[in-house]
A.B. asks: 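Questions regarding the structure given below will be posed in turn.
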Amino acid sequence: MTTTTLPDYDAAVAAFEPVIGLETHVELGTNTKMFCGCPTDFGGEPNTRVCPVCLGLPGALPVANKAAIEATIRIGLALNCSIATWCRFARKNYFYPDMPKNFQISQYDEPLCVDGYLDVEVDGRTVRIGIERVHLEEDTGKTLHVGGATGRIHGATESLVDYNRAGIPLVEIVTKPVPGAGALAPEIARAYVTELRDILRGLGVSDVRMEEGSLRCDVNTSLNRPGEEWGTRTETKNVNSLRSVERAVRSEIIRQAAVLESGGRIIQETRHFSEETGDTRPGRSKEEATDYRYFPEPDLVPLAPDPQWVEELRAALPEAPRVHRKRLQEAWGLSDLDMRSVVNAGAVELIEQTVAAGATAAAARKWWLGELARRANEDGIELSAVGATPAQVAELQTLVDGGKLNDKLARVVLEGVIAGEGSPTAVMEARGLAVVSDTGALTAAVDEAIAANPDVAAKVRDGKVAAAGALVGAVMKTTKGQADAKTVRELILERLGAN
Amino acid sequence: MSDLTRLTAVDIAKRISDGDVSAEEVTRAHLDRIAAVDGKVHAFLHVDADGAIAAAQAVDARRARGDELGPLAGVPVAVKDVLTTKNVPTTAGSKILEGWRPPYDSTVVERLRDAGTVILGKTNMDEFAMGSSTEYSAYGPTNNPWDLGRIPGGSGGGSAAAIAAYEAPLAIGTDTGGSIRQPGAVTGTVGSKPTYGGTSRYGLIAFSSSLDTPGPCARTVLDAALLHEVMAGHDWRDSTSIPQPVPPVVEAAKRGMTGDLTGVKLGLVTEFGTGEGAEPGVLAAFNDALAALTKLGAEIVEVSAPHFQYALPAYYLIAPSECSSNLARFDGVRYGLRVGDDGNRSLEEVMSLTREAGFGPEVKRRIMLGTYALSSGYYDAYYGQAQKVRTLITQDFNQAFEQVDVLVSPTTPFVAFPFGSRTSDPYQMYLADLFTIPTNLYGGPGISVPCGLSDGLPVGFQIMAPTMADDRMYRVAAALESAVGTLTPPSLEG
């Protein structure tokens, strides 16, 4: 095996122009599955949320879920697409045990929504991502390979299939190729998925949880030298977080640049992103394209959304996340730069919810962009997955504002909250971290500190008030930081007659 | 032999309702008849004696309580083995589903139960309804009660033969290219294919989704109409089901029985008279029937349907294409046969071995045809082109129905043929459906009614009507029946 030296990222994007494209699958949050009445909630004992239709039993027939069609049209409208006045479902034929019928009901050359766009902001500029299509299909079941080392089918002794997920409505959103991204390609990819996620959440059509698979992203990447035709693309799957979207594009750009620099050629293939290593590994080759033998689904009648209904849906669309953010920025009194750091940290909604739970915008921003962002960064996780909820952060701030915690104690309490020890109040009480505000106990500590530091006390008595800091420090030490520094200082000055 | 098995469904229902006979007696008489003759006929793949008697007793109990009974309450029915029956074996005539007991009833079966009919069992058929003779059943052919050495038609030969042999007064069939009508023709019984979407496909093991249509089989037109009304009507579980009231077929049959067809225009398709055409004996019986209908006041008009000649090739692209996809689910993973799962073989190998062992030659032929026709690069030339032909055939029908009320033709070009005479040449077998296929491509209704004999074997007369005008064909069929009578096969005893 030959090893190629990977160029660094800057060298890669200096020599090559990346073209990216994104295919996003969104599990809709409808109550029932796409073509039957089975429930769609996540979890559940394997193969309990199934019926003849989603098991594909002989004779069973699909009936399209109107709520799913409505959600798809709303997604299309929010992405500035044209909505088809007439379209059909199609069968995508291939054999795989997680597909009960050995074909998937999807859409092929007649998608429900076409030709839209989504504007995203990266590094202060607006990039328009073209939307090729938005279509509706059914999800497959889940296969679990048991007994092998890798969890993959090779080497497994048994393969188990759970059809609970089979038939859950799935919307596929495909971008047009995005050229000209240059070095910003990874960030643009991430910004697109983030913006898309926010739009979908705003529409209330999905819980858009990447870690649970309700939002899945495949990233297409190719490189070409300036002035040359677009290169062969690879499709990277298993990209399960916003952070991974960015990392996957970046690592694929570096890998492809290395191959091309060493005179090799890129193979059109599916690759898998690894969270651990941060790089991509080859999956199945697409050199010989699978023939899915698409044809119109004869068990379903064509879809012909009433244009008036579509207009009603358009009129009822919620505020777009961009507009919403602009409004929040004004309400929070942030500069463009400050707002961008909030957006980049993925903190908009968290701060919004923290404010809704009673905190000031400044305090909420301080926690999320400070201590919590630091933690998320250290652990390499999304801010929203850091382990503290907006309500908990607001509660924490209330304790600070009420004088029950000082800043230092609050950080300790927050650690307890993140560690899952309970609400801030519960952590504070359980760990005995409340500020000591009993002046009786404090006075004793203050007197002790004065007695132990006669030189310093003399200086304070002489009017050198700044010297009181050393006494405050001594008190804090004996009270293990649980005293309120301001109260301590006042008490010291009072005892020494320096007021 | 019991008299009860010779009665029409109408008479059986009346006798039960009047208290002259119990539903259980009727059911037992038919079970006895099955026990006596099915060894020769082999119309049934599975007889559900316990289920049938329980259903009959339930009807008797309801009658004893004074409940109002429906028009077919207590009447036995045989069901083609392609429709699911809860907990009762359903094989579609294939080894790949041997032993499968569905966890649910098809809509048609559910409606039969709701109407108080008594399901006797499941009838034989060509595997997955692909064939015109039952010779492609994985469980051996059904023998024609008119001549046990001849085919009973197909794919629904079991249902037609069961009726002809007095094993059941009524049966359910499914018609994709003629699978109700052609067996009706060659067994001297009535077979009706309703408008596509007029009867629910939910629980019908799909062969070709855009063509499959469940329908009634009976010995008289009125019996067929009664069964039609019970089984038809909108079903939300089938998206292609038509949300309209069932055409008034019973009323139409009764009107036809008066023997008056004054003002009714019958269309003769010019193109059916050219090309391969029907054999002389069939043509003679057909022409006699035309003369009889003219006497009843009908007017014969010749109409052109220039694209009917492409119906057979279009059908043999569309139906196999859909079947190649519909039958993909039979892979040994979830239900039915599984072959080669010895712990050493890959999933693909087990799927492949299962399908190799589980499917018969005609099913494999059609899966291969369809897989090819849908392949990238061939789709437009085959499947796409066939769909265009389908549109043109629909236009032919629409134009014809501007001139006439119904179209008429022989049901099938030839009478029941001897076993083995057409299995070596698929095209010769496919010709059996030459006259029935256009209706399936169009989606309209068609009925076959006996019109006489040729060399001692039954000939069927086909009447085709516009979509959702099923009543028209029942009227003409009942009038023809009143003129030429029903046919009685030779005795199976001795």
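Source: prediction; values computed, not measured.
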A.B. asks: Closer than 3.5 angstrom, by distance alone: can the side chain of B:Arg334 be matched with the main-chain N or O of A:Pro100 as a donor-acceptor pair?
C.D. replies: yes

A.B. asks: Measuring heavy-atom distances to chain A, does B:Tyr202 have an atom under 4.5 Å in its side chain, in its backbone, in both, or in neither?
C.D. replies: both

A.B. asks: Using a cut-off of under 4.5 Å for heavy-atom pairs, which of A:Leu300, A:Leu57, A:Val301 has the most such pairs with chain B?
C.D. replies: A:Leu57

A.B. asks: Can you give me the closest heavy-atom contact between A:Arg293 and B:Ser324, atom names plus distance?
C.D. replies: NH1-OG, 3.9 Å

A.B. asks: Taking every heavy-atom pair that is under 4.5 Å apart, which of B:Leu211, B:Thr107, B:Asn326, B:Leu97 has the most such pairs with chain A?
C.D. replies: B:Asn326

A.B. asks: Give the member of B:Ser210, B:Ser376, B:Ser209, B:Ser325 that has the highest number of heavy-atom pairs under 4.5 Å with chain A.
C.D. replies: B:Ser325

A.B. asks: Just so I understand: if I count every heavy-atom pair under 4.5 Å between each of B:Val333, B:Leu204, B:Val82 and chain A, which residue has the most?
C.D. replies: B:Leu204

A.B. asks: Who among A:Gly59, A:Cys36, A:Ala64 has the most heavy-atom pairs with chain B under 4.5 Å?
C.D. replies: A:Gly59

A.B. asks: Is the closest side-chain heavy-atom distance between B:Thr240 and A:Asp299 below 4.5 Å?
C.D. replies: no

A.B. asks: Of the listed residues (B:Gly336, B:Ser239, B:Ser375), which shares the most heavy-atom pairs with chain A below a 4.5 Å separation?
C.D. replies: B:Ser239

A.B. asks: Indicate, with yes or no, if the rings of A:Phe295 and B:Tyr379 have centres closer together than 6.0 Å.
C.D. replies: no

A.B. asks: Just how far is it from atom CD of B:Glu322 to atom CZ of A:Arg91, taken to the nearest 0.5 Å?
C.D. replies: 7.0 Å

A.B. asks: Check whether any side-chain heavy atom of A:Phe95 lies under 4.5 Å from a side-chain heavy atom of B:Arg355, and answer yes or no.
C.D. replies: yes

